[in-house]
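Order of the sequence lines fixes the chain letters, A, B, ..., with proteins taken first and strands second; residue numbering starts at 1 for each chain.
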Number of protein chains: 2
Amino acid sequence: MDEAELSATAQDYVKVVWSATEWTDTPVTTKFLSQRLNVSAPTVSENVRKLVTAGLLEHEPYGAITLTREGERRALQMVRRHRIIETFLVTQLRYGWDEVHDEAEVLEHACSARLIDALDGLLGHPRRDPHGDPIPSPAGEVDAVEGVNLAAAAVGRWVVTRVSDADPEVLRELAALGVVVDARLTVLRPGEDGSGPRIEVDGGAPLDLPAPAASAVWLLPEARA
Amino acid sequence: MDEAELSATAQDYVKVVWSATEWTDTPVTTKFLSQRLNVSAPTVSENVRKLVTAGLLEHEPYGAITLTREGERRALQMVRRHRIIETFLVTQLRYGWDEVHDEAEVLEHACSARLIDALDGLLGHPRRDPHGDPIPSPAGEVDAVEGVNLAAAAVGRWVVTRVSDADPEVLRELAALGVVVDARLTVLRPGEDGSGPRIEVDGGAPLDLPAPAASAVWLLPEARA
DNA sequence: CGGGGAAGTTAGACATGCCTAACTTGTAGC
DNA sequence: GCTACAAGTTAGGCATGTCTAACTTCCCCG
């Protein structure tokens, strides 16, 4: 519960663990963290052990790595920071939404709580970042985001509520096609295993979307948006 | 000449060495750096040795520490970053000018070159920061700033061109008295060794300024401002 | 149901940046 | 000029975070 400063490394670990379960139920393993954080497996083992001691993570040997309540609280602080910074870069400094991730990754460890709050105020207390991801409140509350993945969406009219920022290349590709947050589109033919759906973005021509791109897009039925 | 990333530590060292000679000719010694950087003397010895090897500093043993041409170039990059960030915090996020130093101290190591340029653009390419310190150009050119120290200024009419940000407490005190950049004032009685000057800020009452506060203020004759 | 490969862990090493303790150097004042 | 003390350096150690090599555990598949 204490507010001692965590190292940038510790902050990264809890954030990545939390992020793994935001949209999917990816089990968090040593290998997963090792790939996501670009460090070797032994490094993860070592650091996870320390974070277990620090009360932020739980880990059954050879098994899953999960957040404690305190770990989740700290993770949400980092997610809030990250998304506020991204929103600032895009809306105030005209960064492309595919260019902000790395910058935010560094800045989130360097900004004081006061600076984050000041940015939040400057931006008008946004609820979503430019990708459509919800921004946790200072207290750590996250708006529930319902949505259907475009790779599995049925034929019909939809509104884009979120585009995953995991792959900047995909982000650029989708932006070029007009698939951005709040865009309206029609699914003409649903995607199936391995093949993407056929869609038509309002104001554009029908097109076949590659499966990887489609799975980065989340939708709400037009009626509910 | 290469643009390899310097560690935050290395960036701090060259910046502090440069800053020591910006307004005064303080000789840069191990002890000076040790106090300014809040580390022990052996730590400074060690790190200076590394920076000499890296070609950023020169150091005659037991003697003065100076910048190489390359060291100065890197120092000016850091000063530019620091002052742009401070300007941003004050003008866009409503930080008090006595509150920005520590925040900028951290951020200057975390911002990409692109972010600095974007902030510079957002601010309209300012030539001075909120304290009146000149902002080096991207190429490392610094506007020459002439000025007389208020502690030694003669009787007459002056314009404040700069207030040293070394001591936040002094900064607050001066701001409360109306002694801010671009303020006009009259020196009624010059300061002398140990005793501050008597001044009158335009629109205010005459007052005796403590010597430490006076020595933080730099002036230009009203006629030349 | 047992062997083999993938995943995970342990062990030992290294780089950076920091410290204290002990030693060396330079110099100011007698 | 010599000495005492401040300043500087060297030596040795610690914390964090990283690695590779070697070993252990798990579990899937034949």
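Using cut-offs of 30° and 60° for the angle between ring planes, the B:H131 and B:W97 rings count as parallel.
The two residues B:A175 and B:V180 have their closest heavy-atom pair at CA-CG1, 4.1 Å. The two residues B:E146 and B:L220 come nearest to each other via the heavy atoms O-CD1, 3.6 Å.
Here A:N38 does not reach the OP1 or OP2 of D:dT18: none of its side-chain N or O atoms lies under 4.0 Å away. Not one side-chain nitrogen or oxygen of B:T43 sits closer than 4.0 Å to the OP1 or OP2 atom of C:dC18. An OP1 or OP2 oxygen of C:dT16 is reached within less than 4.0 angstrom by no side-chain nitrogen or oxygen of B:T9. Proximity of B:S40 to the phosphate of C:dC19: a side-chain N or O atom is located under 4.0 Å from OP1 or OP2.
Among the nucleotides C:dT9, D:dT9, D:dT18, the one closest to the side chain of B:P42 is D:dT9. When distances are taken from the side chain of A:H59 to each of C:dT9, D:dG17, C:dT20, the shortest belongs to C:dT9. With D:dT18, C:dT9, C:dC18 as the choices, the nucleotide that has an atom nearest any side-chain atom of B:N47 turns out to be C:dC18. Of the candidates C:dC19, D:dG8, C:dT9, D:dG8 carries the atom nearest the B:T30 side chain, counting heavy atoms from C-beta on. In the set D:dT16, C:dG17, D:dT9, the nucleotide with an atom closest to the side chain of B:S7 is C:dG17.
B:Y95 places a side-chain N or O within 3.5 Å of a backbone atom of A:L115 that can act as its donor or acceptor partner. Checking side-chain atoms of A:R81 against main-chain N and O of A:E108 turns up a donor-acceptor pair under 3.5 Å.
Mapping B:Y13 and A:E60 onto DNA chain C by nearest heavy atom places A:E60 at the nucleotide closer to the 5' end. Nucleotides of DNA chain D nearest to A:Y62 and A:A8 differ in position, and the one nearer the 5' end is that of A:A8.
Per the geometry, CZ belonging to B:R49 stands 12 Å off C1' belonging to C:dG17, to the nearest Å. Taking atom CZ of residue B:R36 and atom P of nucleotide D:dA7, one finds them 17 Å apart after rounding to whole Å. Straight-line distance from the CG atom of B:L37 to the P atom of C:dG17: 12 Å, rounded to whole Å. C:dT9 atom P lies 14 Å from atom NZ of A:K31, rounded to whole Å. Across the protein-nucleic acid pair, A:E46 atom CD and C:dG12 atom C1' stand 12 Å apart, rounded to whole Å. If you measure from atom CG of B:L51 to atom C1' of C:dT16, you get 12 Å, rounded to the nearest angstrom. In this structure, the NZ atom of A:K50 is 6 Å from the P atom of D:dT16, given to the nearest Å. Atom C1' of nucleotide D:dA6 and atom CZ of B:F32 are separated by 18 Å, given to the nearest angstrom.
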